[in-house]
Colleague: 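Below is a structure I'd like to ask you about.
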Amino acid sequence: MAERYDPGAVESKWQKHWEDTGLNRVDIDGAENPFYNLMMYPYPSAEGLHVGNVYAFTGADIHGRYKRLQGLDVFEPIGFDAFGIHSENFALERGTHPMELIPSNIKNFTRQLKRMGFMYDWDRVVDVTRPEYYKWTQWIFLTLYKAGMAERRKAPVNWCPSCKTVLANEQVIDGRCERCSTEVTQRYLDQWFFKITDYAQRLLDNLEWIDWSDSTKRLQRNWIGRSEGADIDFQIAGHPDKKLRVFTTRPDTLFGATFMVLAPEHPYIAEITGAKQRKQVDEYVRNALAMDLVERKKAGEEGRKSGVDTGAKAINPATNQEISIWVADYVLMEYGHGAIMAVPAHDERDFEFAREYDLPIRVVVIPADQYDAFDPQAELQAAFTEHTEDEVLVNSEKFDGVPAAQAIKQITAWLEQEGRGQGAVNYRIHDWCISRQRYWGPPIPVIHCEQCGIVPVPEEDLPVVLPYVEQFRPDESGVGPLARAKEFYEVDCPQCAGPAKRETDVSDTFLDSAWYFMRYPSTDVHDKPFHPARTKKWLPVDMYIGGEEHAVLHLMYSRYISMALHDLGHLPFEEPYEKFRKHGLIVREGAKMSKSRGNVVIPDEFVEQYGADTFRTYLMFLGPYEEGGDFREQGIAGISRFFDRVWDAVANGALEAGPPETNELTQKLHATIKKVTEDLAGLQYNTAIAAMMEYLNQVRAGGRAARRSEVEPLVVLLAPFAPHMAEELWQHLGHEGSIFSGANWPRYDAQLAVADEVDIAVQVNGRFRATIRAPRGASEDEVKQKALAEEAVQRHMNGKKIKKTIFVPDRLINLLVA
RNA sequence: GCCCGGGUGGCGGAAUCGGCAGACGCGUCGGACUCAAAAUCCGAUGGGCUUCGGCCCUUGAGGGUUCGAGUCCCUCCCCGGGCACCA
């Protein structure tokens with residue numbers, strides 16, 4: 001065995017060994033203690049593995065190896081998220097066809113991932129672009145479609161003029177495309193939707209019990225955006241058959257509703273607009289519809305509210321007064337009913353609008369302590385009540401004086417009684433638009449027949465194979481590149497055999513990733529998407545680790561797909577990930593890494609120079625895993641030196657038998673095992689590494705040679721971080737085979753993990769004056785006697801009497817004197 | 001605007017059931033080894049004052065609770081993230 005640690009030699013030796021012996025393959029059918037350790041699979045870019053990938057995977061791999069050393073049968077698979085706009089755009093840029101580009105990217109990724117020493121089961125790789133995979137993606141679409149969970153409808157959609165495709169709401173960031181940052185515009189197109197809104201409440205409720213990072217749950221809650229309130233029907237004057245329905249979170253302010261506003265898309269506009277106003281209203285609506293979402297938003301941000309009076313009147317059901325109905329673009333058709341009751345006294349937007357058009361304002365909620373002094377004749381001003389705790393109603397007839405929180409309930413009940421409304425809940429989340437007018441995705445498996453309408457492709461005809469199309473560049477037409485491939489879309493109707501046209505949209509790549517983890521245990525099964533017994537054994541996922549940028553996209557969609565498939569009897573669970581932990585982001589020298597800054601860390605370079613183990617461990621040492629860290633090249637030397645010392649202690653040590661040489665060392669060993677065990681369970685890798693360094697420093701203090709009992713447990717503790725080196729040292733210690741099958745995670749004795757003697761801080765009047773050493777568990781008297789014997793303590797007591805003593809066992813004594 | 005997370009030495013970061021702030025590492029300085037350098041090893045390393053015994057200050061700012069506050073409460077500032085005309 002080499003005197004000095006040579007990572008290159010050690011790592012290639014063990015990587016070959018793992019591959020030859022199939023060490024990382026799990027017994028998928030026979031495993032007795034299954035643990036499914038999942039990480040978010042990467043998009044295989046042409047640039048190769050990003051250091052962010054390595055960071056994410058390393059943290060997850062450490063968790064998997066730790067679980068394995070604890071005796072679990074760990075399944076740790078990997079795959080490639082290779083469909084989608086990202087890949088397609090890159091292919092366009094390069095002028096390479098994605099069908100050529102992607103396989104070579106995957107090959108390169110595979111090489112890099114293997115070089116990092118991750119514990120992947122390479123026999124169960126998922127590549128979503130393979131027909132044997134997307135056959136089942138299409139099957140999921142059909143399954144949901146047949147269950148009425150998918151539908152095609154014309155809808156205003158976010159359109160990226162640069163990517164020339166529809167984007168889901170989740171893919172629009174600040175009004176821009178998340179991929180290319182082009183401003184998103186609005187289009188009306190026929191689109192396929194999954195009705196995720198039907199699951200909004202369940203997606204919200206289950207967050208109560210799944211074990212996820214709190215911040216991720218919060219993001220999902222905000223995205224689902226539940227609002228409680230009431231639907232209220234307003235009669236329209238002159239249209240006894242028509243009711244205008246609105247949603248409000250503040251039914252208690254009903255008496256303050258002094259006008260109504262419809263979204264420009266609202267279906268009633270044409271009907272109710274008065275003859276005099278028609279021309280103006282038409283023009284306003286036309287302009288509003290022509291403006292895209294971004295322009296509308298901008299106008300709103302600048303505080304300009306525009307609108308137009310329809311001339312029609314509605315009846316406020318509470319006051320029975322006629323109020324005018326307006327059209328304005330600050331009301332959104334997608335939310336609620338596309339119409340609002342405007343309460344300008346208590347809503348900032350309505351207030352702005354009322355001021356702009358000189359509409360009446362009526363205060364109906366005021367702070368409780370001003371109730372007695374309230375003067376209904378006084379000039380009405382906006383009150384903008386936010387919370388309903390200490391506020392009461394005024395100007396509201398029989399509800400005057402009622403606290404707002406109660407009034408919400410009372411007025412809702414009154415509306416229900418009168419048949420004019422009822423309690424209602426609204427969600428901000430929209431249905432999931434899965435259509436993409438692009439090339440690089442799984443074709444949506446339906447056929448449009450003039451006779452039969454929409455006909456699902458029969459299951460036995462799956463997969464609908466994505467054809468090789470030379471010209472895969474999208475255009476302005478609003479239909480995908482497949483719409484130019486006659487041989488693809490010209491088909492016979494499966495029902496009537498008449499001429500029909502295949503759907504030419506492909507599905508969103510988030511549908512691929514919504515279920516990839518269900519496929520891993522069943523990659524060798526071809527007659528089902530997922531093998532029932534294996535699915536039962538391995539799923540739901542025991543631990544999922546990934547980036548929080550996917551909190552509202554991938555993580556929401558995959559929860560939805562699991563629930564839907566569960567409800568349709570295909571899955572025995574409804575939540576796919578029992579435990580999810582986000583990892584942090586890594587920056588370099590305090591700055592975000594980006595190609596344009598030219599500060600991207602290229603893993604290959606560091607791995608070559610320092611070895612995978614050192615690189616892995618350094619990444620984990622940068623900071624708390626769940627928060628990320630700052631990559632500074634200089635710091636890697638610290639880990640490198642640490643590993644050299646570990647190597648030296650084991651490879652060049654005398655390694656005598658017997659217990660640790662001193663009680664202090666025994667204590668430190670047990671304390672270290674305890675600390676590392678607990679830190680690994682909580683993904684606190686940075687402090688686990690620090691603890692191991694501290695321990696090794698103590699083992700080697702004064703240049704002494706280590707005993708076997710001192711270093712063997714350390715080698716096992718290090719194995720999740722530095723698997724190659726651990727293997728080599730394990731072998732050197734005389735063991736046969738792999739440390740990951742031969743070793744047990746070290747156990748600690750809680751009694752031994754604490755010292756017999758402790759340092760106790762001594763305070764006089766709350767200021768630290770001395771430290772004394774005392775046996776663990778020493779009594780207050782004992783400690784006080786020792787403390788009083790200290791010269792520094794006596795000096796600061798200055799001959800005064802002790803009035804009070806505060807004693808914290810084993811930590812501190814505080815003598816209060818006067 | 002709303003909802004989160006954060007602000008600690010030259011740097012990355014430790015320490016929050018309130019109990020000796022700065023673990024571990026980087027860097028820097030000094031020493032050993034060397035002809036020399038690298039590597040390695042040993043020591044020092046928050047700031048100020050010092051009669052060399054110590055003393056005082058210090059966790060974004062200010063206030064409060066407490067014997068005791070990085071940690072709890074209030075007000076504010078700054079940085080990062082999410083949502084945003086959602087009724």
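Given the structure is predicted, the values throughout are model-derived calculations rather than measurements. A, B, ... follow the sequence lines: proteins, then strands. Residue 1 opens every chain.
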Colleague: Taking any heavy-atom pair under 4.0 Å as a contact, classify A:Arg221: base, sugar-phosphate, or nothing.
Modeller: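 Touches nothing.
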Colleague: A:Ile806 near the nucleic acid: base, sugar-phosphate alone, or nothing, with a heavy-atom cut-off under 4.0 Å?
Modeller: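 It contacts base atoms.
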Colleague: What's the closest nucleotide to the side chain of A:Thr687 if the choices are B:G19, B:A15, B:G25?
Modeller: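 Taking heavy atoms from C-beta onward, the closest nucleotide is B:A15.
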Colleague: Quick check for you: among B:C55, B:G12, B:G19, whose closest atom lies nearest to any side-chain atom of A:Arg811?
Modeller: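 When the side chain of A:Arg811 is considered, B:G19 is the closest of B:C55, B:G12, B:G19.
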Colleague: When rounded to the nearest Å, what value does the distance between C1' atoms of B:G70 and B:G60 take?
Modeller: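 Approximately 12 Å lies between the C1' atom of B:G70 and that of B:G60.
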Colleague: Any idea how A:Tyr625 and A:Tyr55 line up, ring-wise: parallel (<30°), tilted (30 to 60°), or perpendicular (>60°)?
Modeller: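 Tilted, since the angle between the ring planes falls between 30° and 60°.
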Colleague: Report the nucleotide, chosen from B:C55, B:A23, B:G19, that has the shortest atom-to-atom distance to any side-chain atom of A:Arg769.
Modeller: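 When the side chain of A:Arg769 is considered, B:C55 is the closest of B:C55, B:A23, B:G19.
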Colleague: So which nucleotide from B:C24, B:G19, B:C83 ends up closest to the side chain of A:Leu812?
Modeller: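 Per side-chain heavy atoms of A:Leu812, the pick is B:G19.
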Colleague: For A:Trp212, does the six-membered ring have the charged nitrogen or CZ of A:Arg559 within the cation-pi criterion, i.e. under 6.0 angstrom from the centroid and within 45° of the normal?
Modeller: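 Checked: cation-pi criterion met.
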Colleague: Please report the distance separating the C1' of B:G18 from the corresponding atom of B:C73, rounded so that it comes out in whole Å.
Modeller: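 Per the computed distance, 13 Å lies between those C1' atoms.
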Colleague: Under 4.0 Å between any heavy atoms, over every strand shown, what does A:Thr771 touch: base, sugar-phosphate, or nothing? Just pick one.
Modeller: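 Counting heavy atoms under 4.0 Å across all strands, the contact made by A:Thr771 includes a base.
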Colleague: Give a yes or no on this: more than 12 heavy atoms of other residues, nucleotides or ligands lie within 6.0 Å of atom CZ of A:Arg795.
Modeller: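 Yes, enclosed.
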Colleague: Syn or anti for B:G47, taking syn as within 90° of 0?
Modeller: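 B:G47: anti glycosidic orientation.
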Colleague: What is the nucleic acid contact for A:Asn686, judged by heavy atoms within less than 4.0 Å: base, sugar-phosphate only, or nothing?
Modeller: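 Sugar-phosphate contact only.
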Colleague: Categorize A:Asn426 for me: base, sugar-phosphate, or nothing, with a 4.0 angstrom heavy-atom threshold over every strand shown.
Modeller: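 The answer is nothing, as A:Asn426 stays clear of every strand by at least 4.0 Å.
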Colleague: Any salt bridge between A:Asp648 and A:Arg700, counting N to O under 4.0 Å?
Modeller: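 Looking at A:Arg700 together with A:Asp648, the answer is yes, because their closest N to O distance falls below 4.0 Å.
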Colleague: Report the nucleotide, chosen from B:C85, B:A23, B:G27, that has the shortest atom-to-atom distance to any side-chain atom of A:Tyr330.
Modeller: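 Comparing B:C85, B:A23, B:G27 against the side chain of A:Tyr330, the answer is B:C85.
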Colleague: Where the side chain of A:Asp252 meets the backbone of A:Ile411, is there a donor-acceptor pair that is under 3.5 Å apart?
Modeller: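 Side chain of A:Asp252 to backbone of A:Ile411: no pair is present.
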Colleague: Under 4.5 Å between any side-chain heavy atoms of A:Leu415 and A:Gln422, yes or no?
Modeller: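 Counting from C-beta outward, A:Leu415 and A:Gln422 never come under 4.5 Å.
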Colleague: Does atom NZ of A:Lys668 have more than 12 heavy-atom neighbours, drawn from other residues, nucleotides or ligands, at distances under 6.0 Å?
Modeller: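 Above 12, so yes.
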Colleague: When rounded to the nearest Å, what value does the distance between P atoms of B:G31 and B:A38 take?
Modeller: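 About 13 Å, rounded to a whole number of Å.
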Colleague: Of the listed nucleotides (B:C57, B:G54, B:G81), which one gets closest to any side-chain atom of A:Arg795?
Modeller: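 Output: B:G54.
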Colleague: What is the minimum heavy-atom distance between A:Phe255 and A:Arg362, and which atoms define it?
Modeller: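 Scanning both residues completely, I find the closest heavy atoms to be O-NE, 2.9 Å.
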Colleague: Considering only heavy atoms from C-beta outward, does the side chain of A:Glu790 approach that of A:Arg769 to under 4.5 Å?
Modeller: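 They are not in side-chain contact.
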Colleague: In whole angstrom, give me the gap between the P atoms of B:C3 and B:U75.
Modeller: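 Pairwise P distance, B:C3 against B:U75, rounds to 13 Å.
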Colleague: For A:Tyr618, run the ring pair (Phe, Tyr, Trp, His ring centres under 6.0 Å) check against A:Phe643, A:Phe606, A:Phe631 and tell me which one passes.
Modeller: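 Among the candidates, only A:Phe631 passes.
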Colleague: At 4.0 Å (heavy atoms only), tell me whether A:Gln763 reaches a base, stays on the sugar-phosphate, or touches nothing.
Modeller: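 Base, at least one base atom sits under 4.0 Å.
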Colleague: Is any NZ, NE, NH1 or NH2 atom of the basic residue among A:Glu356 and A:Lys305 found under 4.0 Å from an Asp or Glu carboxylate oxygen of the other?
Modeller: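 So A:Glu356 does not pair with A:Lys305 through a salt bridge.
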Colleague: Walk me through whether A:Trp432 and A:Phe510 qualify under ring pair (Phe, Tyr, Trp, His ring centres under 6.0 Å).
Modeller: CA-CA 10 Å; A:Trp432 174 16; A:Phe510 280 105; 7.7 Å; no
Colleague: Within the structure shown, what part of the strands sits under 4.0 Å from A:Asn814 by heavy-atom distance: base, sugar-phosphate, or nothing?
Modeller: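 Answer is base: heavy atoms of A:Asn814 come under 4.0 Å of a base.
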Colleague: With 3.5 Å as the limit, what N/O pairs link the protein to nucleotides 29-33 of chain B?
Modeller:
none

Colleague: When you check the glycosidic angle of B:G9, does it come out syn, meaning within 90° of 0, or anti?
Modeller: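 Syn, which is what one calls it when the glycosidic angle falls within 90° of 0.
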Colleague: A:Ala761 has a side chain; which of B:C20, B:G13, B:C85 sits nearest to it?
Modeller: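 Between B:C20, B:G13, B:C85, the one nearest the side chain of A:Ala761 would be B:C20.
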Colleague: Mind checking A:Lys803 for me? I need base, sugar-phosphate or nothing, with any heavy atom below 4.0 Å counting as a touch.
Modeller: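 Answer is nothing: A:Lys803 stays at 4.0 Å or more from every strand.
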Colleague: Side-chain N or O of A:Arg645 less than 4.0 angstrom from OP1 or OP2 on B:C41?
Modeller: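 Result: yes.
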Colleague: Reckon A:Arg428 has a side-chain N or O less than 4.0 Å from the OP1 or OP2 of B:A84?
Modeller: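 So the side-chain polar atoms of A:Arg428 do come within 4.0 Å of the phosphate oxygens OP1 or OP2 of B:A84, strictly under.
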Colleague: Check every strand shown and say whether A:His796 touches a base, only sugar-phosphate, or nothing at a heavy-atom separation below 4.0 Å.
Modeller: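 Counting heavy atoms under 4.0 Å across all strands, the contact made by A:His796 is with sugar-phosphate only.
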Colleague: Between the base of B:C83 and the side chain of A:Asn222, is there any donor-acceptor pair under 3.5 Å?
Modeller: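 When only heavy-atom distances are counted, A:Asn222 does not reach the base of B:C83 through any donor-acceptor pair under 3.5 Å.
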Colleague: Please convert RNA chain B into dot-bracket. A pair counts if it is Watson-Crick or G-U wobble with both distances under 3.5 Å; crossing pairs go in [ ] and bases paired with another strand get |.
Modeller: (((((((..(((......[....)))((((((.......))))))((((....))))..(((((..]....))))))))))))....
Colleague: Give one of base, sugar-phosphate or nothing for A:Phe247, where a contact means two heavy atoms less than 4.0 Å apart.
Modeller: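 Base contact - A:Phe247 has a heavy atom under 4.0 Å of at least one base atom.
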Colleague: Between B:A87, B:G12, B:C24, which nucleotide has the shortest distance from any of its atoms to the side chain of A:Met693?
Modeller: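 Closest nucleotide to the A:Met693 side chain: B:C24.
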Colleague: Given B:C67, B:U40, B:A87, identify the nucleotide with an atom nearest to the side chain of A:Arg641.
Modeller: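 Nearest nucleotide to the side chain: B:U40.
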Colleague: Does A:Arg218 make a side-chain N or O approach to OP1 or OP2 of B:C83 shorter than 4.0 Å?
Modeller: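 Checking A:Arg218 against B:C83: no side-chain N or O falls below 4.0 Å of OP1 or OP2.
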Colleague: Give the nucleotide from the list B:C24, B:C85, B:A87 with an atom nearest to the side chain of A:Lys305.
Modeller: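 From the listed options, B:C85 comes nearest.
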